[in-house]
Amino acid sequence: MLVLGEVSIPESGVRLLQDQVVAFLNDSPIAGEGTLAVAESNVTWISRSDGRGFSLSYPSIIMHAVSTDCSSFPHEHVLVVADAGKAEVQLAHQELTVGDGDGEGAEEESEDGNLIIRFVPSDMSALDTIYKEMAECQELNPEEEDMEEDEEEEEMGE
């Protein structure tokens, strides 16, 4: 279970606000419907019931896509895979360490320590817009490794 915290809609750079979006961690709903905010600096989801939520910075997002295949998940959705180590979210204790008896914990969210988050809007026509805005904002936030590679390529070209 994702532990929801005190977050707010970013004050600047908001590209999209989508109400009535259910967020899922793996296949379990997090906290009913909420508002999804796609901003230039992060993606934020806030529960309508208690005003708590979570935020993912773009460097923590490994991949995002629109999934229309309902054979593996019952709803069309925007799939987000985030690096649990880079994500600024808290997981409940049972998800952080699931003991196997030898004192070593294993990441439960996925085998490689990634979070699988699904955003399901009530208005399915918003899927492509959510994806497009996230893609544009992610381009504004390149990873430091990508920036270093670009600089090296420029130096080699000179």
Side-chain angles (χ1 to χ4, degrees), residues 1-98 105-146:
M1 178 175 113
L2 192 64
V3 178
L4 302 180
E6 298 296 324
V7 296
S8 59
I9 304 287
E11 294 182 14
S12 64
V14 175
R15 298 279 191 99
L16 174 72
L17 282 176
Q18 185 70 42
D19 290 323
Q20 298 179 321
V21 176
V22 178
F24 290 78
L25 177 63
N26 299 325
D27 295 334
S28 302
I30 294 173
E33 282 189 350
T35 299
L36 178 66
V38 178
E40 292 175 356
S41 59
N42 57 37
V43 175
T44 302
W45 182 85
I46 300 174
S47 170
R48 184 171 65 177
S49 64
D50 66 3
R52 296 165 50 94
F54 63 91
S55 186
L56 299 170
S57 63
Y58 288 104
S60 73
I61 297 174
I62 297 169
M63 179 206 75
H64 70 284
V66 173
S67 176
T68 57
D69 177 11
C70 293
S71 65
S72 61
F73 186 76
H75 310 283
E76 293 182 359
H77 59 280
V78 173
L79 171 71
V80 176
V81 179
D83 181 336
K86 291 183 182 177
E88 298 166 3
V89 296
Q90 290 183 321
L91 298 174
H93 180 70
Q94 68 268 21
E95 290 203 5
L96 286 173
T97 55
V98 178
E107 297 287 339
E108 182 180 310
E109 54 275 3
S110 75
E111 290 179 16
D112 53 3
N114 295 330
L115 300 171
I116 309 298
I117 299 173
R118 304 170 197 271
F119 294 112
V120 180
S122 62
D123 177 7
M124 288 297 156
S125 67
L127 286 171
D128 288 333
T129 304
I130 294 168
Y131 172 82
K132 178 182 155 286
E133 293 299 334
M134 285 181 68
E136 289 178 6
C137 292
Q138 193 155 24
E139 285 181 19
L140 298 174
N141 295 277
E143 290 192 46
E144 288 183 26
E145 295 169 1
D146 293 341

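The analysis underlying the following values was restricted to heavy atoms, covering all of them including side chains, and did not include hydrogens, waters or symmetry mates. Residue numbers start at 1 and run along the sequence shown.
- In plain terms, the two heavy atoms of L17 and A37 that are nearest each other are CD2-CB, 3.5 Å.
- The salt bridge (charged side-chain N to carboxylate O under 4.0 Å, His left out) analysis of residues 116-130, with sequence neighbours excluded, yields the pairs D27-R118.
- Atoms CD and CE, on E76 and M124 in that order, are 6.0 Å from each other to the nearest 0.5 Å.
- The CG atom of D83 sits 13.5 Å away from the CE atom of M63 when rounded to the nearest 0.5 Å.
- I117 CD1 to I30 CD1: the interatomic distance, rounded to the nearest 0.5 Å, is 5.5 Å.
- Under the 4.5 Å side-chain criterion, counting only non-hydrogen atoms from C-beta, R52 is not in contact with V7.
- Taking both residues in full, the closest heavy atoms of A31 and S49 are given as O-OG, 4.1 Å, listed atom of the first, atom of the second, then distance.
- The CD atom of Q18 lies 11.0 Å from the CD atom of E133; values are rounded to the nearest 0.5 Å.
- Nearest heavy-atom pair across A82 and L56 is CB-CD2, 4.3 Å.
- Side-chain contact between V14 and V38 is absent, with no heavy-atom pair separated by less than 4.5 Å.
- For the pair L140 and R15, the minimum side-chain heavy-atom distance is below 4.5 Å.
- Using modelled atom types, one finds a donor on one side chain and an acceptor on the other under 3.5 Å when comparing D19 with T35.
- V81 has its side chain out of reach of H64: every pair of non-hydrogen atoms, C-beta onward, lies at least 4.5 Å apart.
- In this structure, F54 CZ and L115 CG are separated by 9.0 Å, a value rounded to the nearest 0.5 Å.
- For the pair I61/M134, a side-chain contact is recorded, criterion being any heavy-atom separation below 4.5 Å from C-beta on.
- Residues V22 and H75 form no side-chain contact, since every pair of their non-hydrogen atoms from C-beta on lies 4.5 Å or further apart.
- Side-chain atoms of W45 come within 3.5 Å of backbone N or O of V21 as a donor-acceptor pair.
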Inset, instruction - Kindly indicate, with the supporting measurements, whether the criterion side chain to side chain contact (heavy atoms under 4.5 Å, CB included) is fulfilled by S41 and Y58. - result: CA-CA 7 Å; S41 59; Y58 288 104; 5.6 Å; no
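- A donor-acceptor pair is defined here as one N or O able to donate and one able to accept, closer than 3.5 Å; no such pair exists between the side chain of N141 and the backbone of P59.
- Side-chain atoms of D69 and S67 include no donor-acceptor pair closer than 3.5 Å.
- By the 4.5 Å heavy-atom criterion applied to side chains, L36 and P121 are not counted as neighbours.
- Aromatic pair F119/F24: ring centres not closer than 6.0 Å.
- Between atom OG of residue S47 and atom CG of residue L4 there is a gap of 6.5 Å, rounded to the nearest 0.5 Å.
- Side chain to side chain, S55 and N42 meet the donor-acceptor criterion of an N or O pair below 3.5 Å.
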